[in-house]
Amino acid sequence: MNRIEAEERNRFLARLAGDFSIPVPVLRSIRGAFHEEMAHGLAGKPSSLRMIPSFVTRPTGGEKGRFLALDLGGTNCRVLGVELDGRGGASITAASRFVVPAALMHGPGGVLFDFLAGSVHSFFREHRREKPPERVLAFTFSFPVEQRSVSSGTLLGWTKAFTASGVEGEDVAVLLSAALERRGIGFVRVAALTNDTVGTLLAGGYADPSCDMGVILGTGTNACYPERPGRIRKLPGSRGGSEMIVNMEWGNFNRLEANRFDDLLDAASPNPGRQRLEKMVSGMYLGEIARLAVREMMEKGLLFPGTDGSAFSEPYSLATESLTLPARGDAAGLDSLGPGSASAEDRAAVREIGRLVAGRSARLAGSAIAAVLTWMDPGLEKDHAVAIDGALFEHNPGYRADIMETLDSLLGDRAAAVRLVLTKDGSGIGAAIAGAVAVQAAPEAG
Ligand code: BGC
């Protein structure tokens with residue numbers, strides 16, 4: 001690459017930085033837009049935020065019992081035995097993990113649920129539970145579900161990589177119960193149906209009363225928080241009741257300025273127009289956004305010059321992990337991805353793209369967190385622990401730093417009142433707490 005080409009490449013990267021930057025006033029305006037959408041969602045008006053009541057409150061620490069937890073949210077499904085001692089102590093007594101075959105994510109829903117019931121059955125066998133002590137099951141199902149009670153709810157629409165047929169519009173707890181029956185383990189009762197964000201908040205709050213937000217920053221993204229009585233205007237009877245955790249489904253927030261790569265990605269996705277925030281923030285999509293930018297540079301002859309141009313042509317071939325880690329200064333992971341002959345400049349350019357895409361994701365996540373905290377506590381008078389799970393947050397130290405920096409610029413001194421806590425037990429301990437709450441007869445919807 002000669003000097004003129006190098007200058008052109010640098011100009012391109014500088015323009016790209018502009019495409020992915022979000023100036024602080026725009027981050028601030030996201031907060032306002034979030035508050036409007038939250039108010040509309042809670043009132044049952046059209047909104048990109050569903051604001052779904054979960055029929056669960058925060059734990060007291062006194063929840064007790066032995067539970068089964070079944071977790072479906074991505075490429076793995078987990079079955080866990082969990083024991084809550086009623087004094088704030090919780091332990092996972094047994095665990096099995098199963099890979100969900102890709103074909104099942106896209107096939108008939110009945111087969112997917114048979115696989116889930118089969119996983120519970122295998123768990124019993126693996127852990128020699130001829131007479132299982134846990135017969136109450138909490139189902140962590142990490143998709144948008146309109147809950148009707150703590151233990152029932154219909155799938156509004158698949159997200160992430162799932163498209164299985166015959167599940168949208170159905171009660172997923174009923175589908176699971178029927179599959180357990182078919183598998184000969186109908187004695188297992190599906191007592192709770194929980195979103196992963198709710199499980200994360202419950203797990204975080206079991207030991208820490210200042211924990212009032214659950215966030216997932218992984219394959220998908222979403223958040224929940226405890227809403228005050230009377231503010232869930234679409235739920236008759238909430239006025240006199242106690243606080244209730246609301247699953248925001250913030251991945252669908254859409255009052256954002258998308259760039260040309262976001263629009264290309266959205267148009268080619270199975271759910272165009274939906275999950276716009278998720279498509280800019282979560283791990284499933286960051287690699288693909290970067291791949292689209294890499295392709296544009298290649299088409300302009302600014303990257304991997306002299307190669308046949310076939311590298312990075314396959315959609316979703318650039319994994320988010322291989323991109324964000326090198327972007328944070330770790331060993332470059334390009335060899336398996338790009339043309340073998342990538343020069344140091346090529347690698348630096350791809351790393352820069354990764355840094356821009358991941359940096360924007362963290363700033364959007366930070367502004368969304370700030371929006372929810374200021375909705376709950378406008379003056380940020382209290383301390384807030386935010387329970388966060390997901391590989392994006394867990395494995396990228398720079399990602400946490402970027403969120404904190406965003407909180408600093410949006411909240412000023414009060415950012416010191418916010419603690420981001422990695423919380424990994426949501427789908428185990430958190431789900432079990434939801435099971436315990438359900439068993440103690442939480443209120444049912446009309
Ligand atoms: C789903 C949410 C879930 C999030 C994180 C999103 O795609 O709609 O329900 O909480 O992913 O797993």
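Both ligands and their constituent atoms are indexed starting at 1 by order of listing. Position 1 is the first residue of the sequence, and the numbers go up from there. Since this is a predicted model, take the numbers as computed values, not measurements.
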For ligand 1, what N or O to protein N or O distances fall under 3.5 Å?
unit_1: ligand 1; atom_1: 7 (O); unit_2: Thr159; atom_2: OG1; d: 2.7
unit_1: ligand 1; atom_1: 7 (O); unit_2: Glu278; atom_2: OE1; d: 2.8
unit_1: ligand 1; atom_1: 7 (O); unit_2: Glu278; atom_2: OE2; d: 3.0
unit_1: ligand 1; atom_1: 8 (O); unit_2: Thr159; atom_2: OG1; d: 3.4
unit_1: ligand 1; atom_1: 8 (O); unit_2: Glu249; atom_2: OE1; d: 2.7
unit_1: ligand 1; atom_1: 9 (O); unit_2: Phe143; atom_2: N; d: 3.3
unit_1: ligand 1; atom_1: 9 (O); unit_2: Asn195; atom_2: ND2; d: 2.8
unit_1: ligand 1; atom_1: 9 (O); unit_2: Glu249; atom_2: OE1; d: 3.4
unit_1: ligand 1; atom_1: 9 (O); unit_2: Glu249; atom_2: OE2; d: 2.6
unit_1: ligand 1; atom_1: 10 (O); unit_2: Asn195; atom_2: OD1; d: 3.1
unit_1: ligand 1; atom_1: 10 (O); unit_2: Asn195; atom_2: ND2; d: 3.4
unit_1: ligand 1; atom_1: 10 (O); unit_2: Asp196; atom_2: OD1; d: 2.6
unit_1: ligand 1; atom_1: 10 (O); unit_2: Asn222; atom_2: ND2; d: 3.0
unit_1: ligand 1; atom_1: 11 (O); unit_2: Lys160; atom_2: NZ; d: 3.2
unit_1: ligand 1; atom_1: 11 (O); unit_2: Glu278; atom_2: OE1; d: 3.4
unit_1: ligand 1; atom_1: 12 (O); unit_2: Lys160; atom_2: NZ; d: 2.9
unit_1: ligand 1; atom_1: 12 (O); unit_2: Asp196; atom_2: OD2; d: 2.6

**Distance under 6.0 Å and angle within 45° of ring axis: Arg135 vs Phe187** = yes

**Message:** Checking Glu83 against Thr93: is there a side-chain donor and acceptor pair closer than 3.5 Å?
**Reply:** no

**Item:** Working for salt bridge (Lys or Arg N to Asp or Glu O under 4.0 Å), residues Asp383 and Arg419
**Value:** CA-CA 8 Å; Asp383 288 343; Arg419 270 185 308 125; over 6 Å; no

**Asked** Just by distance, with hydrogens left out, do Asn222 and Asn247 show a side-chain donor and acceptor under 3.5 Å apart?
**Response** yes

**Asked** Could you walk me through whether Tyr285 and Ser361 pass the side chain to side chain donor-acceptor pair (under 3.5 Å) check?
**Response** CA-CA 10 Å; Tyr285 302 102; Ser361 158; over 6 Å; no

**Asked** What are the two closest heavy atoms between Glu63 and Leu84, and how far apart are they?
**Response** O-CB, 3.5 Å

